Amino acid sequence: MVGASVLNQPQQFLIPPEHNGKSPEVDFNQKEQECISLVKRSKNMEEFKQVHGQILKLGLFWSSFCASNLVATCALSEWGSMDYACSIFEQIDDPSSFEFNAMIRGYIKDMNSEEALFTYLEMLEMGVKPDNFTYPALLKGCAFLSAIEEGIQIHGQILKLGFVEDAFVQNSLINKYGKCGRISDSCTVFEHMDQKTIASWSALIAAHANMGFWDECLKLFSQMNREGCWRAEESTLVSVLLACTHLGVLDSGRAIHGYLLRNLTGLNVAVETSLIDMYIHCGNLDKGICLFRGMGRRNRKSYSVVISGLATHGHGEEALKIFEQMLEERSEPEDVVYVGVLSACSRARLVKEGKKYFDRMRFEHGIEPTMQHYGCIVDLMGRAGMVYEALEFIKAMPIEPNDVIWRIFLSSCKIHQNVELGEIAAENLFKKTTQNACDYLMLSNMYAHAQRWDDVSLTRVKMAQKGLDHVPGSSFVEVKRKVHRFVSNDRSHPQCHEIYEMLHQMEWQLKFEGYSPDTSEVLLDVDEEEKKDRLSSHSQKLAIAFSLINTSQGSPIRIVRNVRMCSDCHTYTKLISAIYERMIIVRDRNIFHHFSDGTCSCKDYW
DNA sequence: GTAGGGTTAG
């Protein structure tokens with residue numbers, strides 16, 4: 001049936017068959033040219049099949065570049081089909097590297113990397129020599145499959161065939177090694193390059209981002225600016241923005257924003273969304289929302305970023321309004337956006353609404369709940385104090401609850417000091433292989449609060465037996481694009497003396513306000529004075545003291561923490577925000593605390 | 001004579 005319809009139609013696009021005065025060879029070449037041009041101009045499968053039919057009818061398939069172009073167009077066009085391309089390809093008696101390359105690229109475009117690798121093997125078996133065009137796509141396939149062994153073999157073939165100097169091949173190698181987690185191999189390829197282009201830097205930065213080496217991403221970006229004369233493109237900057245987001249470095253993120261505005265006209269939705277995400281996760285929610293409101297076009301991801309962002313900053317109601325607005329704009333929700341919606345309900349303690357959205361997700365939008373959704377509901381109930389109901393919910397889950405579910409439940413039990421259920425949570429959590437020191441500390445803190453010192457010791461012994469080390473709490477502050485890290489009782493900072501002076505001064509001020517340290521979360525059964533000493537130099541307090549010295553009066557202080565803050569630091573920070581009239585924003589793992597005028601946005605539940 | 005690399009957010 002291929003091309004059947006064209007036979008019944010006037011052949012407007014071809015030269016009439018009668019002799020036009022030229023030699024048959026010229027005539028043939030002209031027809032061939034016209035057919036190729038028509039193949040390339042096809043806008044859909046229907047048009048393509050018509051031209052294919054014509055080419056077969058005119059006998060041009062066997063003797064020309066027509067077959068090549070048919071395969072390439074069908075394999076690589078947006079509207080193309082690999083099945084159809086394959087059927088054409090199979091009719092070529094003696095396929096060249098061009099046709100093989102087109103097939104390989106087509107499979108990669110279709111995310112069918114296995115088939116791309118099979119095609120390459122077929123190419124070698126048939127004795128067709130690969131060229132420098134073969135490898136970029138093939139390496140992309142290896143990257144996608146994280147196929148380390150195959151990748152190494154292919155690298156060997158590249159060396160043997162002498163394509164290792166090709167910049168495109170080298171960039172693909174950097175990417176491939178990055179995706180396979182072999183970052184040092186990416187660096188080696190990069191270092192050996194004569195001509196490093198923007199794509200080489202981008203590939204290297206993305207490789208580091210893929211491994212979560214955020215500091216390295218920023219270092220490479222500044223190195224690139226120092227060494228190169230080209231301007232970064234959007235794709236590079238998304239990786240760099242992602243690094244800023246993870247590190248919580250707002251000033252560096254702002255600098256990238258400035259760079260984008262200076263060097264690019266108009267940003268695409270992906271970059272705008274990355275910027276919004278960066279602002280929100282670096283603690284400047286208002287700027288993120290402002291950019292979101294100014295977006296010309298939004299997609300589901302931009303909505304999702306903003307909804308989750310508002311939820312983590314404790315603005316649950318606002319997040320739900322944006323979600324309703326998204327539904328009005330007929331953007332069908334996907335499962336991830338519901339994680340934001342449900343966590344918004346949980347943070348705002350909107351239990352009824354949360355349950356309603358959970359049902360709506362399943363029954364109205366047909367989304368099967370994932371572990372994350374179940375986690376949100378456990379959090380929703382647990383945080384609101386419905387710990388017994390939360391436990392029943394966990395027991396009724398159709399999938400085996402993972403460590404995260406039990407951790408969320410343990411955290412709820414701790415907030416509401418339900419030791420009995422907390423022990424059930426811990427018992428289940430400790431059966432999992434992914435337990436960590438924080439889990440033991442949570443249980444231990446709960447016992448400490450209940451003054452059960454024997455159980456505190458026992459929990460710590462168990463923790464030590466498992467070889468789990470207490471993760472030292474760190475606080476990070478960025479001042480003038482430089483990140484300062486503090487740990488508890490830190491005396492390593494160059495401004496150490498001034499910082500402790502400031503801390504002393506702060507304590508005096510706090511005493512006037514009637515503050516007394518909350519020692520309930522200091523683990524050891526030692527005397528009160530020692531506990532107070534340990535508390536007074538927690539990393540967050542050092543970071544605040546440092547910021548008060550080094551930033552201007554009235555400017556907000558932004559702190560990123562690696563572990564959850566203790567209740568004393570929370571109370572302390574609330575009071576400091578009022579005394580020093582500063583907004584203090586703390587990123588505490590996944591949520592934000594906005595301390596202002598003596599209160600916190602989390603309403604003391606975190 | 002046909003073509004290729006880095007591509008993102010939760």
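Everything numeric here is computed off the predicted structure, so don't read it as measured data. Here is the naming used below: chain letters follow the sequence lines, and residue numbers restart at 1 for every chain.
- In summary, the aromatic rings of A/Tyr120 and A/Phe100 are positioned with their centroids too far apart to meet the 6.0 Å limit.
- A/Arg587 places no side-chain N or O within 3.5 Å of a backbone atom of A/Cys282 that could act as its donor or acceptor partner.
- Put simply, CG on A/Asp277 is 6 Å from C1' on B/dA9, counting in whole angstrom units.
- No more than 12 heavy atoms of other residues, nucleotides or ligands sit less than 6.0 Å from atom CD of A/Gln372.
- One interatomic measurement links the two molecules: CD1 of A/Ile36 to P of B/dA3, which rounds to 11 Å at whole-angstrom precision.
- You'll find the ring centres of A/Phe358 and A/Tyr338 outside the 6.0 Å limit.
- Here A/Gln372 lies out of heavy-atom contact (under 4.0 Å) with every strand.
- Counting to the nearest Å, the C1' atom of B/dG10 and the CG atom of A/Leu241 are 15 Å from each other.
- Base contact: A/Ser304 has a heavy atom under 4.0 Å from a base atom.
- Residues of residues 116-128 of chain A having a heavy atom closer than 4.0 Å to DNA chain B: none are found.
- Residues from residues 135-161 of chain A lying near DNA chain B, meaning a heavy-atom separation below 4.0 Å, are A/Pro136, A/Lys140 in numerical order.
- One finds no side-chain N or O of A/Lys179 lying less than 4.0 angstrom from the OP1 or OP2 phosphate oxygen of B/dG5.
- Side-chain to base pairing of A/Gln170 with B/dG6: no donor and acceptor N or O lie closer than 3.5 Å to each other.
- Across the protein-nucleic acid pair, A/Asn132 atom CG and B/dT2 atom C1' stand 14 Å apart, rounded to whole Å.
- Residues of residues 306-326 of chain A that place a heavy atom closer than 4.0 Å to DNA chain B, in numerical order, are A/Ser308.
- For A/Lys179 and A/Phe144, the positive end is not near the middle of the six-membered ring at less than 6.0 Å and at most 45° from its axis.
- Side-chain polar atoms of A/Ser252 and A/Glu478 form a donor-acceptor pair below 3.5 angstrom.
- When rounded to the nearest whole Å, the span between CD of A/Glu165 and P of B/dG4 equals 22 Å.
- Between the CG atom of A/Leu242 and the P atom of B/dT7 there is a distance of 12 Å, given to the nearest Å.
- In this entry the distance linking CD1 of A/Ile174 with C1' of B/dT7 reads 15 Å, nearest Å.
- Ring centroid separation for the pair A/Phe65 and A/Phe98 does not come in under the 6.0 Å cut-off.
- Residue-level contact check: A/Val305 touches the backbone only, with heavy atoms under 4.0 Å from sugar-phosphate atoms and none from bases.
- A/Asn268 comes within 4.0 angstrom of nothing in the nucleic acid, heavy atoms only.
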Output, in order, the C-alpha distance, side-chain angles, deciding distance and verdict of ring-ring contact (aromatic ring centres under 6.0 Å, His included) for A/Trp201 and A/Phe190. CA-CA 8 Å; A/Trp201 285 99; A/Phe190 183 79; 4.9 Å; yes
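- Between A/Arg105 and B/dA3 there is no side-chain polar atom (N or O) within less than 4.0 angstrom of OP1 or OP2.
- Counting non-hydrogen atoms under 4.0 angstrom, A/Glu233 reaches a base of the nucleic acid.
- The residues A/Lys356 and A/Glu353 are annotated as not salt-bridged, no charged nitrogen and carboxylate oxygen being separated by less than 4.0 angstrom.
- Heavy atoms of A/Asn175 sit under 4.0 angstrom from primed sugar atoms or phosphate atoms, though from no base atom.
- The pair A/Glu324-A/Arg360 meets the salt-bridge criterion, with a side-chain N (NZ, NE, NH1 or NH2) lying under 4.0 Å from an Asp/Glu carboxylate O.
- Using a distance-only test at 3.5 Å, with no hydrogens or angles considered, a donor-acceptor pair links the side chain of A/His373 to the main chain of A/Asp335.
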